[in-house]
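See below for the structure under consideration.
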Amino acid sequence: MTTGSSNVLYDALLGAARDPQKALIRRPAPAAGGDVISYGDMVALTGRLANALVGLGVKPGDRVAVQVEKSAEALALYLATVRAGGVFLPLNTAYTASEVSYFVGDAEPALVVCSGASLDAVSVIAGKNGARCETLEGDGTGSLMDLAASQPEAFETVTRDNDDLAAILYTSGTTGRSKGAMLSHMNLLDNARVLVDTWRFTDADVLLHALPIFHTHGLFVASNTVMLSGGTMIFLPKFDADAIISLLPQATTMMGVPTFYTRLLARKDFNRDLVSHMRLFTSGSAPLLAETHVEFEDRTGHRILERYGMTETNMSTSNPYDGERRAGTVGFPLPGVSLRIADPDTGAPIDTGKIGMIEVTGPNVFSGYWRMPEKTASEFRADGFFITGDLGQIDEDGYVHIVGRQKDLIISGGFNIYPKEIELAIDELEGVNESAVIGVPHPDFGEGVVAVVVPLEGAKLSEDGVKAAIADKLARFKQPKRVFFADALPRNTMGKVQKNLLRDDHGAEFSEPVTLS
Ligand code: AMP
């Protein structure tokens with residue numbers, strides 16, 4: 001792909017000739033009545049921030065690690081980092097200091113940006129790794145913004161080519177070690193172009209954006225797609241059903257995780273009239289239950305468009321815009337993406353309709369895991385296909401179905417959780433012999449984390465005691481919602497814990513509907 005531009009991603013997202021007055025972000029602030037950041041404002045802000053980054057010593061190729069609340073300024077920091085030739089490294093706001101310490105040690109960023117509340121802990125971590133540390137708050141204030149305020153708007157955008165890195169996003173690791181997925185300018189731009197075309201985004205679109213922007217869904221799928229099309233986003237700091245319901249009349253499109261849709265359906269005032277003007281609802285990051293799809297259509301007349309992707313591959317499949325959006329499927333491979341179902345062990349192709357490993361290749365697929373060449377090599381086939389770890393099948397009409405995850409991943413509230421990491425934390429506790437962590441159906445989060453713990457003989461453990469002991473080690477979304485005790489874990493003849501039996505025992509744990517406002 002030749003773009004003829006000097007910075008492949010930045011130029012496409014913000015460098016295009018556009019009306020500078022056009023609204024990029026509307027933020028509904030009840031007190032001030034809300035405000036608007038135009039495309040012109042955003043270009044100016046990225047210029048000031050890029051100058052500040054350079055002043056802080058960020059050079060082309062340097063990582064900028066960012067753990068901050070969602071804000072227009074945080075999005076500007078992403079764009080400024082790319083514009084300055086840096087590599088944006090967003091971190092989940094729920095990560096604890098010990099988790100941040102791992103990421104900073106692994107990625108060796110030149111700069112870490114955090115909130116004032118975590119400055120004490122994060123500045124020590126940054127200092128140990130030779131990185132500078134600045135703050136940015138959810139309201140757009142902070143030491144980084146103070147520095148930017150005194151900088152000029154003019155900034156000579158740093159040249160970056162297709163294969164240069166634009167971002168590193170850490171994904172949970174099966175062995176407890178997170179891996180940094182390296183995403184190039186071309187990976188991100190190509191996928192955004194494909195999504196603009198496939199989902200028909202234009203500058204008339206207004207996307208209701210309630211996703212976090214530390215994850216591929218909110219940052220790339222939502223924000224890149226809208227910016228590339230010249231549209232507008234209504235930025236909500238997080239999902240809030242009241243706010244969504246009051247703002248839907250101003251929107252044309254919404255992107256969500258399945259939890260958004262189940263929460264909206266729990267509201268009586270979420271009805272056909274409210275959304276009759278909407279153009280598109282999309283869902284992804286976790287499986288959308290076929291029942292939710294059907295209930296949504298019954299209630300609103302809209303068929304949610306479900307798509308499938310992951311941090312490493314960006315978006316790989318989508319249900320069609322015009323054709324049948326089939327419940328319980330993730331649609332067809334996107335243009336330019338090759339997807340196949342293969343034998344998980346050998347990689348040999350599998351017949352249509354049979355279950356196997358989903359493997360993908362195309363310009364959407366990342367270039368590898370940061371400083372993990374062996375891990376990278378083991379997750380690609382010799383012919384370049386990436387082994388996703390998701391098990392699926394393709395039906396005779398070509399729709400891709402996801403049937404499970406080989407990697408034992410739990411997805412709770414749209415966040416990925418690898419049981420191993422939680423098991424390791426529990427196993428370290430005094431009085432614990434071993435543990436197994438599973439995900440079981442949860443009406444609000446999709447899956448809820450449950451731990452089954454085997455105590456050492458004579459040890460006195462309690463559910464609250466275990467929960468409290470790991471509370472400062474793991475992000476809140478990873479902490480088990482329930483802890484059970486057992487004399488032993490069920491194992492098969494190969495010695496593997498039979499988590500399916502544990503899921504059977506505890507599968508109904510969260511079956512009581514939760515009360516939603
Ligand atoms: P992440 O890297 O956080 O985006 O998580 C990617 C994983 O989420 C995939 O490997 C899938 O297991 C899962 N996922 C994403 N979209 C869907 C979907 N529409 N249906 C089922 N699982 C999905």
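All ligand and atom numbering here is 1-based and tracks the order in the structure.
With I358, I411, T317, T171 as candidates, the residue nearest to atom 13 (C) of ligand 1 on a non-hydrogen basis is I411.
Using cut-offs of 30° and 60° for the angle between ring planes, the H209 and F235 rings count as tilted. Using cut-offs of 30° and 60° on the angle between ring planes, the pair F281 and Y261 is perpendicular.
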Practice prompt. Take D390 and Y308, measure what side-chain hydrogen bond (donor to acceptor under 3.5 Å, both in side chains) needs, and give me the verdict at the end.
Written response: CA-CA 11 Å; D390 290 312; Y308 157 72; 2.7 Å; yes
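The shortest contact between atom 5 (O) of ligand 1 and any protein heavy atom is with N416 ND2, 2.8 Å. Residue, atom and distance of the protein heavy atom nearest to atom 12 (O) of ligand 1 are D390 OD1, 2.6 Å. Looking from atom 6 (C) of ligand 1 to the surrounding protein, the closest heavy atom is M310 CB, 3.3 Å. Of the protein's heavy atoms, A286 N, 3.7 Å lies nearest to atom 17 (C) of ligand 1. Of the protein's non-hydrogen atoms, S285 N, 3.2 Å is the one closest to atom 16 (N) of ligand 1.
Backbone and side-chain nitrogen or oxygen atoms of H215 are examined, and one is located within less than 3.5 angstrom of a nitrogen or oxygen of ligand 1. The distance criterion of under 3.5 Å between nitrogen or oxygen atoms is not met by T216 with respect to ligand 1. Where the criterion is an N or O separation shorter than 3.5 Å, residue side chain and backbone included, R307 meets it with respect to ligand 1. Distances between N or O atoms of Y308 and those of ligand 1 include no value under 3.5 Å. In terms of N/O distances under 3.5 Å, ligand 1 is not approached by T388.
A pairwise comparison of heavy atoms in P287 and P258 identifies O-CG, 3.4 Å as the closest pair.
Remark: distances from the non-hydrogen atoms of A181 to ligand 1 are all 4.0 Å or more. Ligand 1 does not have H217 within reach: every non-hydrogen atom of the residue lies 4.0 Å or more from it.
At least one test fails for R299 against the ring of F270: distance under 6.0 Å to the centre or angle within 45° of the axis. A cation-pi arrangement is absent between K481 and F510 under the rule of less than 6.0 angstrom and at most 45 degrees off the ring axis. A cation-pi contact links K179 to Y369, judged by a cut-off of 6.0 Å to the six-membered ring centre and 45° from its axis.
Both the backbone and the side chain of P287 come within 4.0 Å of ligand 1, counting heavy atoms alone.
The distance from ligand 1 to the heavy atoms of E306 drops below 4.0 Å at these ligand atoms: 18 (C), 19 (N), 20 (N). Residue T311 has at least one heavy-atom neighbour below 4.0 Å for each of these atoms of ligand 1: 1 (P), 2 (O), 3 (O), 4 (O).
Here E306 does not pair with R325 in a salt bridge; the nearest charged N to carboxylate O distance is not below 4.0 Å.
The only member of K473, Q67, K478 that meets side-chain hydrogen bond (donor to acceptor under 3.5 Å, both in side chains) when paired with E99 is K478. Each of T232, L79, V196, L9 was checked for a side-chain contact (heavy atoms from CB on, under 4.5 Å) with M227, and the lone residue meeting it is L79.
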